[in-house]
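Just below is one structure, and these are the notes that go with it.
In this text the structure is predicted, and so the values were computed from the model without any measurement. We number each residue from 1, following the sequence as shown.
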Amino acid sequence: MDELVTITGVVEFITFQNTENGYTVLDFSSDGELYTATGNAGSLYCGERVTLVGTWTVHPTFGKQFRIESCRREMPETAAEMLSYLSSGIIKGVKEKTAAKIVEAFGDESFYIIEKYPERLATIKGISSEKAREISREFVKRAEEREALISLEKYGMTTAECLRVFKVYGAKSVETVEKNPYVLCSDGIGINFERACDIADRLPVKPADEYRIAAGVLYVVRHNLHNGHTCLPREKLIPTAAALLGCTDDVADIQTDNLISQKQLVTFPINDREFIFLPEIFSAEKKAADNIVFMKQFTPKDDRNIDEEIAKTELISGICYNEKQRLAIRLAVSKGLLILTGGPGTGKTTTLRGILKMFEWQGLEVALAAPTGRAAKRMSELTGREAQTIHRLLEVEWDRNDKPVFSRNRRNPINANAVIVDELSMVDITVFSSLLDALPIGCRLIMVGDSDQLPPVGAGNVLHDMINSKLLPVVELNEVFRQAMESLIVTNAHRIVRGEMPEIMRTDKDFFFMDRQQPYAAASTVAELCSTRLPNAYGYNPTEDIQVLCPSRKGEAGTVNLNKVLQKCLNPPAKHKREHIFGQRIFREGDKVMQIKNNYNITWRSEETDGMGIFNGDIGVLEKIDEPSHTLKVRFDDRVADYPFDSHTELEHAYAITVHKSQGNEFDAVVMPVTGVVEQLSYRNLLYTAVTRAKKLIVLVGSKQTVERMTANNSKAKRYSALRYFIMLGDDG
């Protein structure tokens, strides 16, 4: 490891600065020399005196640079330094001319006068008494921020974390953290429980243990959201929390009661068991159920002969619907609420088009939506009508803590008489609840999905809960049409759902199997298929048309290793391709990448419009690495987004992705390694989901035994959720 160096100087120029996390590229002077420094330095301004700790590096393009590990801000001491500081714009209401007047009047005492005697500023021409007070308030605020960052950084917090704390707690930041460091686990700051424990160990006075216990209980509940659970049975929560915290069950139990009384947790009895929720998730599930029950009771009035209109649709379209398709169209029109489900080749798209045609004949304004951009684009292609993401339909905005909020809600509903949502199996409870809340009274809602696919990445089990309530109109299409049966992808998908071994030895269709018993051999074959065999045989573009789907991230046949292997053969280094190293990863121009978390702040542009928000699962191509501005330019279909270097953790290489991340997408060709799959991932609906992502071709590479094991295992990961119960409870009421 390079030796850490300490250097003191003055910030002369700021090339780039991310105000959210403090990543900065700056020029600073020290001992008469000018240097470039990069790293998390906080909200610095020109003229500030800083002490930097870090290492010297040599950039291949920009030469010698200082990589910042930590930054301590020093208050300017001389009149010249104060003038530079005030002229930088750091103090609202003070520009260069005003700064010069202040320093000319008060010299080395300028800062002292601004803080202690702001009324004396009003003696300067052009500064009113009100403006003098405002300058003083801004100066004090900046001083408090500086002191907070200096104090908090010594506890091992990064500059970005310190800035988030100050944004929430202001002048009380240090006092709050020293009393209860576990406030850092809140959504507004986002430090995980383990880090908060480390910070607590560095404090001069050990905080009360009740804070740690309470935070640990909350951590267990919040952590399980990422496992899909909207709630936890109390009898499972308590021992889990106690084991994490090293305390007795009674201590964890008491703190759970305290959190409930403080309304930080919610308790609710379901079938004689007590379940614990986070308040916002409880509200989302309860509100969703209430809205569903209300819509179920609000049947649209329509006296027309629906069967005659269905027959008319068949005549015009040249289509003959089967009995279940007619039922689905009839229910959509007469009930206004419908769940349409079924596997590949069963006619969901044809039925959907029929429903659309009927709605349009009724003069209804129809909105089409899907959870992801790719799913929405596919929906548009299949229906011939514009579809958009649910987030865009609801017009996502941001609150003061940069959390997403939707401007479309009960007070400001969407402009539609009917909404059709595709890929409902991907929709988590918070998004679903927000969607229902934004529907105007009387709006029809048609929900389309495949109940045999994986549940959503987020919390909840929306599609399954609604179907299992047995209280909503559901039509399951299960007749595979003759033309679809020509595809082995379709017939094998249905065999897998029934628990039957797929036909894997055929070589004359669109479903192939290549026997490779060892993961390293499977990885080698996957790379060969993507780079040469499939492109040569079918003309596929290796990055645009072929997608590798893995059950797991780990192992030689997991996404982490395969992305390295595939990057090497599909996008090798070249003189004309810029690249940048982030930790253990090399990003190179031309790389296939994926966004791995929702980010509502990223701006994008297209030929038609500009917008904000790139979402979990969006796949794109890294078009440009711009070293001077420290940005990555990524194209997602027709949208182009710019990422600051420090946001690289939100991107992953996407030559190979997990099956979970592939939901809502379809690819011309899918290659899937099926060897070395751990037991907890060897289940049927994961294999089924992977197979149904392929439009034209799928190749399984691995062992027959793994395919057999996955097909036979119909046990699904248990998800605790309450939507089904709340729907049944509301319907009884």
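Under the 4.5 Å side-chain criterion, counting only non-hydrogen atoms from C-beta, H391 is in contact with V431. Residues F481 and T350 fail the side-chain proximity criterion, which asks for heavy atoms closer than 4.5 Å. Side chains of I602 and E650 form a contact here, defined as non-hydrogen atoms less than 4.5 Å apart. In this structure, the side chains of V427 and L435 stay at 4.5 Å or more apart for every pair of heavy atoms. Contact check for L723 versus N461: no side-chain heavy atoms found under the 4.5 Å cut-off. Taking the side chain as every heavy atom from C-beta outward, D638 and K377 never approach each other to under 4.5 Å. Between L686 and M710 there is a side-chain heavy-atom pair separated by less than 4.5 Å. A heavy-atom distance below 4.5 Å is found between the side chains of L232 and V220.
Between the side chain of S407 and the backbone N or O of E395, at least one donor-acceptor pair lies under 3.5 Å. Counting only distance, with no hydrogens or angles, the side chain of Q595 and the backbone of K597 share a donor-acceptor pair below 3.5 Å. Put simply, the side chain of Q663 gets close to the backbone of L454: a donor and an acceptor are under 3.5 Å apart. In terms of modelled atom types and a separation under 3.5 Å, the side chain of R724 and the main chain of D465 share no donor-acceptor contact. The closest donor-acceptor contact from the side chain of S283 to the backbone of P279 lies at 3.5 Å or more, if one exists at all. A donor-acceptor pair under 3.5 Å is formed between the side chain of E314 and the backbone N or O of Y321. Here the side chain of K348 pairs a donor or acceptor atom with the backbone of G342 at under 3.5 angstrom. In this structure a side-chain-to-backbone donor-acceptor pair under 3.5 Å is present from H494 to P344. The closest donor-acceptor contact from the side chain of R408 to the backbone of L393 lies at 3.5 Å or more, if one exists at all. Under a 3.5 Å cut-off, the side chain of Q388 and the backbone N or O of A376 do not form any donor-acceptor pair.
Distance check: S662 OG to Q547 CD gives 8.0 Å after rounding to the nearest 0.5 Å. Summarising the geometry, atom CG belonging to L549 is positioned 10.0 Å from atom OG1 belonging to T689; distances are rounded to the nearest 0.5 Å. In this structure, SG in C443 is found 7.0 Å from CG in N417, a value given to the nearest 0.5 Å. Once rounded to the nearest 0.5 Å, the distance linking CD1 of I727 with CE of M466 reads 6.5 Å. The CE atom of M594 lies 4.0 Å from the CD1 atom of I619; values are rounded to the nearest 0.5 Å. Distance CG/L368 to CG/L352: 6.5 Å, rounded to 0.5 Å.
In terms of heavy-atom proximity, C320 sits nearest to R326 at SG-NH2, 3.9 Å. Closest heavy-atom contact between Y720 and C231: CB-O, 3.1 Å. Between A328 and L340, the shortest heavy-atom distance links the atoms CB-CD1, 4.0 Å. Minimum heavy-atom separation, L265 to V217: CD1-CG1, 4.0 Å. The two residues K287 and D437 come nearest to each other via the heavy atoms CD-OD1, 3.6 Å. Nearest heavy-atom pair, M426 versus P456, reported as atom, atom and distance to 0.1 Å: O-CB, 3.2 Å.
In this structure, I316 places its CD1 atom where more than 12 heavy-atom neighbours from other residues, nucleotides or ligands lie under 6.0 Å away. In this structure, E679 places its CD atom where only 12 or fewer heavy-atom neighbours from other residues, nucleotides or ligands lie under 6.0 Å away. Around atom NZ of K236, no more than 12 heavy atoms belonging to other residues, nucleotides or ligands sit under 6.0 Å away. Annotation for R498: atom CZ counts as buried by contact number, over 12 foreign heavy atoms lying within 6.0 Å. Around NZ of K357, the count of heavy atoms belonging to other residues, nucleotides or ligands within 6.0 Å does not exceed 12.
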(message) Does R385 form a salt bridge (Lys or Arg N to Asp or Glu O under 4.0 Å) with E360? I'd like the steps, not just the answer.
(response) CA-CA 12 Å; R385 293 162 176 82; E360 288 171 351; 2.5 Å; yes
(message) Using the rule given for side chain to side chain contact (heavy atoms under 4.5 Å, CB included), can you reason through N258 versus E210, listing the C-alpha separation, both sets of side-chain angles and the distance that settles it, and then say yes or no?
(response) CA-CA 10 Å; N258 289 340; E210 64 188 64; over 6 Å; no
(request) Starting from the C-alpha separation in whole Å, work towards a yes-or-no answer on side chain to side chain contact (heavy atoms under 4.5 Å, CB included) for V366 and R444. (result) CA-CA 9 Å; V366 184; R444 291 164 167 80; over 6 Å; no
(message) Using the rule given for ring-ring contact (aromatic ring centres under 6.0 Å, His included), can you reason through H223 versus F193, listing the C-alpha separation, both sets of side-chain angles and the distance that settles it, and then say yes or no?
(response) CA-CA 10 Å; H223 176 77; F193 179 71; over 10 Å; no
(request) Could you walk me through whether S451 and I467 pass side chain to side chain contact (heavy atoms under 4.5 Å, CB included), step by step? (result) CA-CA 9 Å; S451 58; I467 292 173; 4.0 Å; yes
(request) Could you give me the CA-CA distance, side-chain angles and deciding distance for N227 and R719, then say whether side chain to side chain contact (heavy atoms under 4.5 Å, CB included) is met? (result) CA-CA 8 Å; N227 295 329; R719 283 201 172 197; over 6 Å; no
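Each of V333, V448, L338, T313 was compared with I355 under the side-chain contact (heavy atoms from CB on, under 4.5 Å) criterion, and only L338 meets it. The one candidate from D452, D450, T711 that meets the side-chain hydrogen bond (donor to acceptor under 3.5 Å, both in side chains) condition with Y688 is D450.
Classification of R639 and D618 as a salt-bridged pair holds, one side-chain N sitting under 4.0 Å from a carboxylate O. Under the 4.0 Å criterion applied to side-chain N and carboxylate O atoms, E652 and R553 are assigned as salt-bridge partners. The existence of a salt bridge linking R330 and D307 is confirmed by a sub-4.0 Å separation between a basic side-chain nitrogen and an acidic carboxylate oxygen. Taking a cutoff of 4.0 Å between a charged side-chain nitrogen and a carboxylate oxygen, E666 and R693 do not qualify as a salt bridge.
Inspection of the S380 and E386 side chains reveals no N or O donor paired with an N or O acceptor under 3.5 Å. Side-chain contact annotation: T341 with E476, donor-acceptor N/O pair under 3.5 Å absent.
Ring planes of F268 and F282: tilted class, angle from 30 to 60°. Below 30°, between 30° and 60°, or above 60°: for H660 and Y683 the angle between ring planes is above 60°, a perpendicular geometry.
Applying the salt bridge (charged side-chain N to carboxylate O under 4.0 Å, His left out) test to every pair with at least one member in residues 259-279, sequence neighbours left out, gives these pairs: R234-E274, E235-R273.
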